[in-house]
Asks: 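One structure coming up, written as structure tokens, with questions to follow.
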Amino acid sequence: MSAYSGRGVHGQTVATLGARIVSGEIPQGAVIDLGDLGRDLDVSLTALREALKVLAAKGLVEARQKRGTSVRAREHWNLLDSDVIRWRSEAGDTAAVLRDLAEVRSVVEPSAASMAALRRTEEDLAELDAALAEMRAARGAAAEVAADLRWHRALLQATHNEMLARMDVFIEPALSLRDALVHETHADDPVPSHAVVVEAIRRGDPEAAASAVTSLLDKASEDVAAVAGVLGDGNNA
């Protein structure tokens, strides 16, 4: 579901147009006829223009004088945007989203864990412990996903690197997608693998922390392969 769903006419218009563009229903390079599109969606030109401004900020469209508004090439899309990630999944691109997420996490999270082991504060450890406790208490897919996201936010925050901490903006939507897929059909307890990471961070052992996260990511790849039929080659978690 798009982050814009349920937010009135403006939000629904953004979500509908974004999904159509990402799915290719409105192809790259197409010039958008505002009149026709407004009638199709039953929205005013004002609402349509406001929605297109949002999509322009996501890199999906651009407006030029005398040329109108057109769909930009995929290379210009903000593929890190949470809505674009969701629209890709809705368009049947889930496997590619999961693969991309796995590769990003394999680059980012072991290094983040190593950094956290050297920089963590007592407050960071308390939040990681609280996230683990939430995992233990979680019942149902939604609660399990929320707890997992809390833990990964805490890990990134413990690096005390503001840019790394903000990577949750694009990691979380794809991680939510992976978690929903895994937790709804796969019952393995996630707490032990995450607890090993926390203990390494607590000891201030960067090598052990990085290794523990790598093991966690390998397990995530296996889980997705088991429930989604995606090749479990370490690139599909």
Side-chain angles (χ1 to χ4, degrees), residues 1 82 85-86 89 94-117 120 123-159 164-165 167-237:
M1 178 180 293
S82 60
I85 289 172
R86 290 183 181 92
S89 177
T94 300
V97 171
L98 294 175
R99 180 201 63 221
D100 290 351
L101 169 65
E103 292 176 349
V104 170
R105 291 178 69 193
S106 71
V107 170
V108 172
E109 291 192 284
S111 294
S114 178
M115 195 177 297
R120 91 290 185 278
E123 290 78 10
D124 296 324
L125 291 173
E127 177 59 16
L128 285 164
D129 287 338
L132 283 176
E134 187 175 325
M135 280 186 189
R136 292 188 184 95
R139 297 294 181 270
E144 291 169 359
V145 169
D148 193 26
L149 293 177
R150 180 179 180 180
W151 189 90
H152 286 277
R153 281 195 300 271
L155 175 65
L156 294 174
Q157 289 288 341
T159 67
L164 274 175
M167 294 188 80
D168 66 348
V169 171
F170 71 89
I171 286 179
E172 286 195 17
L175 189 58
S176 295
L177 174 65
R178 188 208 74 88
D179 278 355
L181 178 65
V182 169
H183 287 305
E184 287 180 2
T185 57
H186 208 60
D188 280 4
D189 182 1
V191 173
S193 58
H194 290 72
V196 172
V197 179
V198 175
E199 289 311 308
I201 291 173
R202 194 187 313 277
R203 294 195 307 272
D205 188 334
E207 291 79 11
S211 178
V213 166
T214 298
S215 295
L216 187 156
L217 295 177
D218 289 344
K219 180 61 169 62
S221 293
E222 293 171 5
D223 288 346
V224 170
V227 300
V230 182
L231 289 176
D233 58 2
N235 295 325
N236 301 305

Asks: Let me confirm one number: the CG-CE distance from L155 to M115, rounded to the nearest 0.5 Å.
Replies: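 Taking CG in L155 and CE in M115, the distance rounds to 10.5 Å.
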Asks: Run D168 and L149 through side-chain contact (heavy atoms from CB on, under 4.5 Å) and show every step you take.
Replies: CA-CA 9 Å; D168 66 348; L149 293 177; over 6 Å; no
Asks: Can you see which heavy atom on V197 is nearest to which on A113, and at what distance?
Replies: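 Reported closest heavy-atom pair: CG1-CB, 4.5 Å.
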Asks: For residues E109 and H152, determine if any side-chain heavy atom of one lies less than 4.5 Å from a side-chain heavy atom of the other.
Replies: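 When only atoms from C-beta onward are counted, H152 and E109 do touch, with a gap below 4.5 Å.
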Asks: What do the steps show when you test L101 against E103 for side-chain contact (heavy atoms from CB on, under 4.5 Å), and what is the final call?
Replies: CA-CA 5 Å; L101 169 65; E103 292 176 349; over 6 Å; no
Asks: For V196 versus A212, what's the shortest heavy-atom pair and its separation?
Replies: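 The answer is CG1-CB, 3.7 Å.
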Asks: Quick check: does any side chain N or O of T159 sit under 3.5 Å from a backbone N or O of L156, one acting as donor and the other as acceptor?
Replies: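 Looks like yes, one N/O pair under 3.5 Å.
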Asks: Ignoring hydrogens and angles, tell me if any N or O in the side chain of S114 forms a donor-acceptor pair with the backbone of P110 under 3.5 Å.
Replies: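 Here the side-chain-to-backbone pair does not exist.
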Asks: Is a side-chain N or O of S111 found less than 3.5 angstrom from the main chain of V108, in a donor-acceptor match?
Replies: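 It does not hold such a pair.
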Asks: Rounded to the nearest 0.5 Å, what separation is found between the CG atom of L128 and the CD atom of E123?
Replies: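 CD of E123 is found 12.0 Å from CG of L128.
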Asks: Could you tell me whether R150 and E127 make a salt bridge, using a distance below 4.0 angstrom between a side-chain N and a carboxylate O?
Replies: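 Here R150 pairs with E127 in a salt bridge, since their nearest N and O are under 4.0 Å apart.
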Asks: Specify the closest pair of heavy atoms between L125 and I201, including all atoms of both residues, with the distance to one decimal.
Replies: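 Closest approach of L125 to I201: CD2-CG2, 4.1 Å.
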Asks: When rounded to the nearest 0.5 angstrom, what is the spacing between CG in L217 and NZ in K219?
Replies: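 So the CG of L217 and the NZ of K219 are separated by 12.0 Å.
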Asks: With side chains defined as the heavy atoms from C-beta onward, is the minimum distance between M135 and H194 less than 4.5 Å?
Replies: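 Side chain of M135 against side chain of H194, heavy atoms only: contact under 4.5 Å found.
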Asks: Between E134 and D148, does the side-chain contact (heavy atoms from CB on, under 4.5 Å) criterion hold? Intermediate values first, please.
Replies: CA-CA 9 Å; E134 187 175 325; D148 193 26; over 6 Å; no
Asks: Can you name the one residue among L216, V213, D100 that meets side-chain contact (heavy atoms from CB on, under 4.5 Å) with R105?
Replies: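 Option passing the side-chain contact (heavy atoms from CB on, under 4.5 Å) with R105: L216.
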Asks: If I compare all heavy atoms of A165 with all of Q157, which pair ends up nearest, and what's the gap?
Replies: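 Closest approach of A165 to Q157, heavy atoms only: CB-NE2, 3.8 Å.
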Asks: Evaluate D129 against R202 for salt bridge (Lys or Arg N to Asp or Glu O under 4.0 Å), listing each step before the verdict.
Replies: CA-CA 10 Å; D129 287 338; R202 194 187 313 277; 2.7 Å; yes
Asks: Looking only at non-hydrogen atoms, find the nearest pair between A117 and A200 and report the distance.
Replies: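 The answer is CB-O, 4.3 Å.
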